[in-house]
Amino acid sequence: MCTSASPVPHPYAVGETPPAYRDPDDAGTSDGADGVGGGAPAARRRRKGAYLPLPEPLPVPVIDNHTHFDFREGAVEVTIREALDAAEAAGVRGAVQVGTDLASSRFTAAVVEQDTRLLGAVALHPNDAPLLAAAGTLDDALSEIEQLAAGPRIRALGETGLDYFRTGEDGRDSQRASFRSHIDIARRLGKALQIHDREAHDDVVATLLSDTAPDRVVLHCFSGDADLARTCNEHGWYMSFAGTVTFKNAANLREALLVADPALVLTETDAPFLTPHPYRGRPNASYAVPYTVRAMAGILDADLDALCARLTANTEAVYGSWD
């Protein structure tokens with residue numbers, strides 16, 4: 001049974017790493033983008049393993065629609081409540097916890113029952129599909145994913161899809177078979193579909209069209225260009241922009257965001273990965289969403305309040321109510 005979250009304890013200091021995310025061996029608390037601030041030496045605070053400072057809260061709350069609370073970074077141990085409290089202090093009122101294998105999907109199914117600020121997605125990551133197929137356990141794993149996906153607070157099958165960066169030709173048939181099974185489960189259960197697409201744009205699109213995609217499709221961590229954004233617009237597929245849109249070498253993502261139908265745009269962290277500029281390379285967290293959202297507003301030359309409201313409405317259109 002979910003329990004309503006109690007009020008978030010305040011204050012969380014803007015510009016300081018939230019207490020739960022501080023390295024127990026690091027006495028420093030302040031951390032500017034340039035490494036200047038009180039406490040531990042700047043070089044220590046800028047090390048790759050240090051979490052980033054709390055940003056200025058967003059004026060209208062948004063939702064992180066893709067994160068991994070079960071992935072840990074170094075010595076830092078953060079509870080679900082601590083993570084969601086820090087996010088709420090930054091104007092991020094909820095999140096979608098995403099599974100990538102049986103263990104993380106089981107974790108997801110359990111943890112979404114603990115806090116009303118959390119919904120879930122379960123799946124087998126495409127890079128795991130060839131390993132499971134080789135072991136002869138892919139069908140059994142997919143059967144368990146379907147059972148987990150039936151839970152009322154599991155709102156999506158994800159992250160599933162195709163990854164041609166880490167899986168070679170010999171594993172792609174099992175990737176495609178797993179992807180099609182997830183599409184089928186999502187459609188039959190009336191769930192959304194969260195897609196992992198890495199260097200496989202054409203085959204992802206072709207599979208969605210040939211296999212009759214469910215009504216709500218999200219390209220998680222959108223990695224395409226303006227042409228793929230136009231394809232998503234045409235088919236009503238949602239595009240979720242992560243911290244990658246802030247990277248200096250990601251002009252294609254900024255061009256895609258400008259083309260994307262505003263009604264189909266979401267935001268995410270993919271935490272602890274894909275930390276936005278200027279903290280790229282350090283561990284990410286749901287409380288960091290405002291860095292990406294403010295960058296998106298700048299790219300779009302959009303009113304921040306209106307963009308936040310639109311992102312939240314779009315997210316609820318995909319996943320339903322968090323209450």
Side-chain angles (χ1 to χ4, degrees), residues 2 4-21 51-71 73 76 78-98 108 111-112 114-121 153 155-156 194 218 220-221 238 240-246 265-277 279 282-297 302 304-323:
C2 284
S4 297
S6 59
V8 176
H10 287 292
Y12 280 80
V14 171
E16 295 183 0
T17 302
Y21 286 90
Y51 280 88
L52 63 171
L54 188 80
E56 186 75 26
L58 291 170
V60 176
V62 300
I63 296 166
D64 179 2
N65 96 111
H66 189 111
T67 191
H68 303 280
F69 287 124
D70 51 321
F71 291 1
E73 177 69 26
V76 175
V78 182
T79 68
I80 294 297
R81 179 168 179 170
E82 288 169 336
L84 291 169
D85 283 354
E88 193 170 351
V92 183
R93 69 172 177 83
V96 179
Q97 156 65 28
V98 179
T108 297
V111 79
V112 294
Q114 298 175 15
D115 197 303
T116 56
R117 295 171 291 183
L118 205 58
L119 294 177
R153 294 191 70 80
R155 303 290 175 82
Q194 272 202 10
V218 178
H220 135 69
C221 186
Y238 290 82
S240 181
F241 289 86
T244 44
V245 77
T246 72
V265 172
L266 307 177
T267 192
E268 65 173 271
T269 58
D270 195 25
F273 312 109
L274 307 182
T275 309
H277 178 79
Y279 304 100
R282 291 165 59 170
N284 203 1
S286 286
Y287 69 79
V289 168
Y291 291 113
T292 298
V293 173
R294 285 192 166 89
M296 292 168 67
L304 182 60
D305 292 48
L307 176 61
C308 291
R310 166 58 78 177
L311 290 170
T312 296
N314 293 350
T315 307
E316 291 182 329
V318 175
Y319 302 103
S321 172
W322 259 250
D323 297 330

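None of these values were measured; they are calculated from a predicted model. Hydrogens, waters and symmetry mates play no part in the numbers below; they use all other heavy atoms, side chains included.
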Quiz item: For Leu54 and Pro18, which heavy atoms make the closest approach, and how far apart are they?
Solution: CD1-CG, 4.0 Å
Self-check item: Lys/Arg N to Asp/Glu carboxylate O, Arg117 vs Asp85, below 4.0 Å
Solution: yes
Self-check item: By side-chain hydrogen bond (donor to acceptor under 3.5 Å, both in side chains) - contacts of His277 (at least two apart)
Solution: none
Quiz item: Looking at Val96 and Ala121, what are the two nearest heavy atoms and their distance?
Solution: CG1-N, 4.1 Å
Quiz item: Step by step, would you call Ile63 with Glu268 a side chain to side chain contact (heavy atoms under 4.5 Å, CB included)?
Solution: CA-CA 8 Å; Ile63 296 166; Glu268 65 173 271; over 6 Å; no
Quiz prompt | Exam field: side chain Thr269 to backbone Val289, donor-acceptor pair closer than 3.5 Å | solution = no
Quiz item: Taking atom CD of Glu88 and atom CZ of Arg81, what is their separation to the nearest 0.5 Å?
Solution: 10.5 Å
Exercise. Tell me, please, which residues at least two apart from Tyr319 pass side-chain hydrogen bond (donor to acceptor under 3.5 Å, both in side chains).
Key: Asn65, Gln194
Quiz prompt | Side-chain donor or acceptor of Arg153 paired with backbone N/O of Thr116 under 3.5 Å | solution = yes
Self-check item: Main-chain N/O of Ala309 paired with Thr312 side-chain donor or acceptor, under 3.5 Å
Solution: no
Self-check item: Check against ring pair (Phe, Tyr, Trp, His ring centres under 6.0 Å), Tyr287 and Tyr12
Solution: CA-CA 11 Å; Tyr287 69 79; Tyr12 280 80; 8.7 Å; no
Quiz prompt | Main-chain N/O of Asp323 paired to Ser321 side chain as donor or acceptor, under 3.5 Å | solution = yes
Quiz item: What's the spacing between Leu266 CG and Thr315 OG1 if we round to 0.5 Å?
Solution: 4.5 Å
Quiz item: Between Asp270 and Thr67, is there a donor-acceptor pair closer than 3.5 Å when you use the side chain of the first and the backbone of the second?
Solution: no
Self-check item: His66: partners by ring-ring contact (aromatic ring centres under 6.0 Å, His included), with sequence neighbours left out
Solution: His68, His220
Quiz item: Sequence neighbours excluded, which residues qualify as side chain to side chain contact (heavy atoms under 4.5 Å, CB included) partners of Pro61?
Solution: Arg93
Quiz item: Taking Gln97 for the side chain and Phe69 for the main chain, is one N or O donor matched with an acceptor at less than 3.5 Å?
Solution: yes
Quiz prompt | side chain to side chain contact (heavy atoms under 4.5 Å, CB included) against Val76, all qualifying residues, sequence neighbours excluded | solution = Tyr51, Val78
Quiz prompt | Side-chain donor or acceptor of Glu16 paired with backbone N/O of Ala13 under 3.5 Å | solution = no
Quiz item: Which salt bridge (Lys or Arg N to Asp or Glu O under 4.0 Å) pairs, counting each pair once, include a residue from residues 51-68, with sequence neighbours left out?
Solution: none
Self-check item: Nearest heavy atoms of Pro283 and Thr275, plus distance in Å
Solution: C-OG1, 3.3 Å
Quiz item: Taking the side chain from Trp322 and the backbone from Ala95, do they hold a donor-acceptor pair closer than 3.5 Å?
Solution: yes
